[in-house]
2 protein chains.
Amino acid sequence: MASIKDVAQRAGVSTTTVSRVLSTPQAVRAALRTRVEQAIAELAYRPNLAARRLRQRRASLVGLIVSDIRSPFFTDVGRAVEDVAYRHGLRLILCNSDENPAKEQSYLELMADEQASGVILSPTMQGLQQLRPEAWPFPLVLVDRALENTRVDRVVLDNQAAARRATEHLLQSGYRRIVLLAGAHSTTGQQRHAGHVQALAAAGLTPRPVWVEPTHRAGVQAAADVLAGPDRPDALLVTNGVLLLGALQAIQAAGLRTPHDIGLAGFDNNDWTALPALDVTTVAQPTYDIGRTAAELLLQRMQDATRPVRQVVLEGALVVRGSSVRSAPAPTLP
Amino acid sequence: MASIKDVAQRAGVSTTTVSRVLSTPQAVRAALRTRVEQAIAELAYRPNLAARRLRQRRASLVGLIVSDIRSPFFTDVGRAVEDVAYRHGLRLILCNSDENPAKEQSYLELMADEQASGVILSPTMQGLQQLRPEAWPFPLVLVDRALENTRVDRVVLDNQAAARRATEHLLQSGYRRIVLLAGAHSTTGQQRHAGHVQALAAAGLTPRPVWVEPTHRAGVQAAADVLAGPDRPDALLVTNGVLLLGALQAIQAAGLRTPHDIGLAGFDNNDWTALPALDVTTVAQPTYDIGRTAAELLLQRMQDATRPVRQVVLEGALVVRGSSVRSAPAPTLP
DNA sequence: TTGAAAGCGATACCAT
DNA sequence: ATGGTATCGCTTTCAA
């Protein structure tokens, strides 16, 4: 493995010059620069990152810690972050906390140990409550989930508005006994709950939220319980894609059909929701924009640690499909 | 940021002793060790990984480079690899090549730059053809995709047998005009094609393979073309989960119903395939086992570079559901 | 069992 | 514009 010394020797210059060719080429005379570049090519030299980091005391590397790597939402966000990072010569390390606060903590420590230049985090609820951004040696940007009073850059969906619109849509379709399946342990679940309650209140209706662990299994079980219980709802609104699939599974297992027997709408416009046989109404999130914006916020923060904290709020788009639209229109409200 | 010097000073020992407490605690007298450990705790000391790597010339870190981060197959594999790596004090870096040979190459170089201890790779076809395992400074284990004659450890599915069984199942259900939608640019697609052809040949039937880019869009398009073309097939077999969803989309868009109008089966037992309204017959892969085995092969190779190359072949399980079973049984073959 | 000191490979300061 | 040299923080001989 060739080192900077070997390159210097071969080019007949000092290691300093080689280093400069690598970092500030315009500071080296063209003739010398060419010789160095040739030596680099001939030796297939690659700088030792460990040595560089040791000296510079930071790595050209950003971390993305997500709560569920399987979610298309986060893979899309990840792709956007990677695109931006790559264009700025930063490497991306992807970590999956799996909704586990201990794992999340461990990955944040990994990032500190690796001397990451910055981290984008989709925190667990517990992690968010304990989060002390200033305690970490890197700038932090939150995505998807955040608390109002946390003093840290973030980009989130207008969850409340999106849930309100989805609920209003269900009401307009004539559904009245709506149950909300809300993902537990996340701020998004709470905010979507708030928007849902808001819309119901405006219509003079009482909310019926059910809080569910954000797993497929739990989604199936909770939906099945609700459907089998007393006063079966005439519609379900589900606050994330995983639970939405679970709810649909339970609906079909119970022999019910959307939109007639039951209305259905939910967050995350995953591929399968568009299948004609399912045709599920969803709230589509601007996933790529979310990731791109988060990466940009991080880059700006890396350049200026003192700039004011920014929150970017993006809008979701309601994709109306057959699962929430009854052929016979509901009677108009008074 | 406290360094090993600070710890040594506080504990009244040399840096050598601190280093030993960290790596070989039993080589330090209990009394001293306790003092050092206390100093470490008081200063919240964390070793500088860059310095350690620079000295040791390798990182306690393994890479997993997958071709599609969105696939549940790879996220399951990733989880297994992470579990094993974590238990052995190794960190995992997850990379997504996105079926792009250039990205794959770039990530392999990243791993070399990071001085990774080992890499698990699901290669693109082009990457596989050019792959020179001995050219990398780390041991390599292939998952999911491999060529017979590559001299490298690997763990793969018995793709041919699985495709043969799936095809035999379709034949037993009475389907005769079967079209195979096969993912292009992958050894798995080719091997599954081979198993399919084998089963058809045994039944005296002519294969009708269609090679498709492994994206959702391309899957929809290809299936739509096949369904609208002359001599419409009576069944589709699809070699991966992404294309399977696309095929189902096209089937439903064409107003066809499984299993009567058309039979359907495919690889990857993704969550949505179990929805009663879809009920798609699939080949389930032992994803966690694949990941665990790959990680174990890598660890063994890291310990002994000279051990013979091993290939582990795992079996898939055919999950028969309604999409491929006609209510009226087919006439028995002669 | 413990410590002194060399050295890993790069960068950054200070000369020239 | 270029080079000499100290230095980043740790591990690893080697000696005691």
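In what follows, every chain begins at residue 1, and chains take the letters A, B, ... in the order their sequences are listed.
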**Asked** Which residue, B:R57 or B:R20, contacts DNA chain C at a nucleotide closer to its 5' end, judged by nearest heavy atom?
**Response** B:R20
**Prompt:** Salt bridge or not for A:R79 and A:D76, using N-O below 4.0 Å?
**Reply:** no
**Length of the line joining B:N48:CG and C:dG9:P, which is rounded to integer Å** = 16 Å
**Prompt:** Can you find a donor-acceptor N/O pair under 3.5 angstrom joining the side chain of A:T16 to the base of C:dA12?
**Reply:** yes
**Separation of atom CD in B:E114 from atom P in C:dG9, rounded to whole Å** = 16 Å
**Prompt:** When you check the phosphate oxygens OP1 and OP2 of C:dA12, does a side-chain N or O of A:R55 lie under 4.0 Å from one of them?
**Reply:** no
**Message:** Any base atoms under 4.0 Å from B:L32, or only sugar-phosphate, or nothing? Heavy atoms, all strands.
**Reply:** sugar-phosphate
**Item:** Spacing of A:R58 atom CZ relative to C:dA10 atom P, expressed in whole Å
**Value:** 18 Å
**Prompt:** Does the pair A:Q300 and A:E296 meet the rule for a side chain to side chain donor-acceptor pair (under 3.5 Å), with working shown?
**Reply:** CA-CA 6 Å; A:Q300 288 162 4; A:E296 286 165 357; 5.6 Å; no
**Prompt:** For A:T124 and A:E104, does a side-chain donor sit closer than 3.5 Å to a side-chain acceptor?
**Reply:** yes
**Request:** Would you kindly give the CG-to-P distance between A:L43 and C:dG9, to the nearest whole Å?
**Result:** 14 Å
**Message:** Quick test of your reading of the model: are A:R301 and A:D153 salt-bridged, counting only N-O distances below 4.0 Å?
**Reply:** yes
**Request:** Please check if any side-chain donor atom of A:Q38 sits under 3.5 Å from a side-chain acceptor atom of A:E42, or the reverse.
**Result:** yes
**Fill in**
B:L54 atom CG is separated from C:dT11 atom C1', nearest whole Å, by 12 Å
**Prompt:** Between A:E213 and A:H185, does any side-chain donor sit less than 3.5 Å from a side-chain acceptor?
**Reply:** yes
**Prompt:** Using a heavy-atom cut-off of 4.0 Å to chain A, what are the terminal contacting nucleotides of DNA chain D, in 5' to 3' order?
**Reply:** D:dA1 to D:dG9
**Fill in**
Taking C:dC13, C:dA10, C:dG3 as options, the one with an atom nearest any side-chain atom of A:R52 is C:dA10
**Prompt:** Distance only, no hydrogens: is a donor on one side chain within 3.5 Å (strictly under) of an acceptor on the other, for B:R57 and B:Q115?
**Reply:** no
**Message:** By nearest heavy atom, map B:Q26 and A:S23 onto DNA chain C; which one lands nearer the 5' end?
**Reply:** B:Q26
**Message:** From CG of A:L22 over to P of C:dA12, roughly how many Å is that when rounded to an integer?
**Reply:** 12 Å
**Request:** May I have the distance from A:L49 (atom CG) to C:dT11 (atom C1'), rounded to whole angstrom?
**Result:** 14 Å
**Message:** Looking at A:S3, I'd like to know whether one of its side-chain N or O atoms comes within less than 4.0 Å of OP1 or OP2 on C:dG9.
**Reply:** no
**Request:** Starting from the 5' end of DNA chain D, give me the residue, A:T15 or A:V28, whose nearest nucleotide shows up first.
**Result:** A:V28
**Asked** Touch check for B:R53, heavy atoms < 4.0 angstrom, all strands: base, sugar-phosphate only, or nothing?
**Response** nothing
**Prompt:** Expressed in angstrom and rounded to an integer, what is the separation of B:D113 atom CG from C:dG9 atom P?
**Reply:** 14 Å
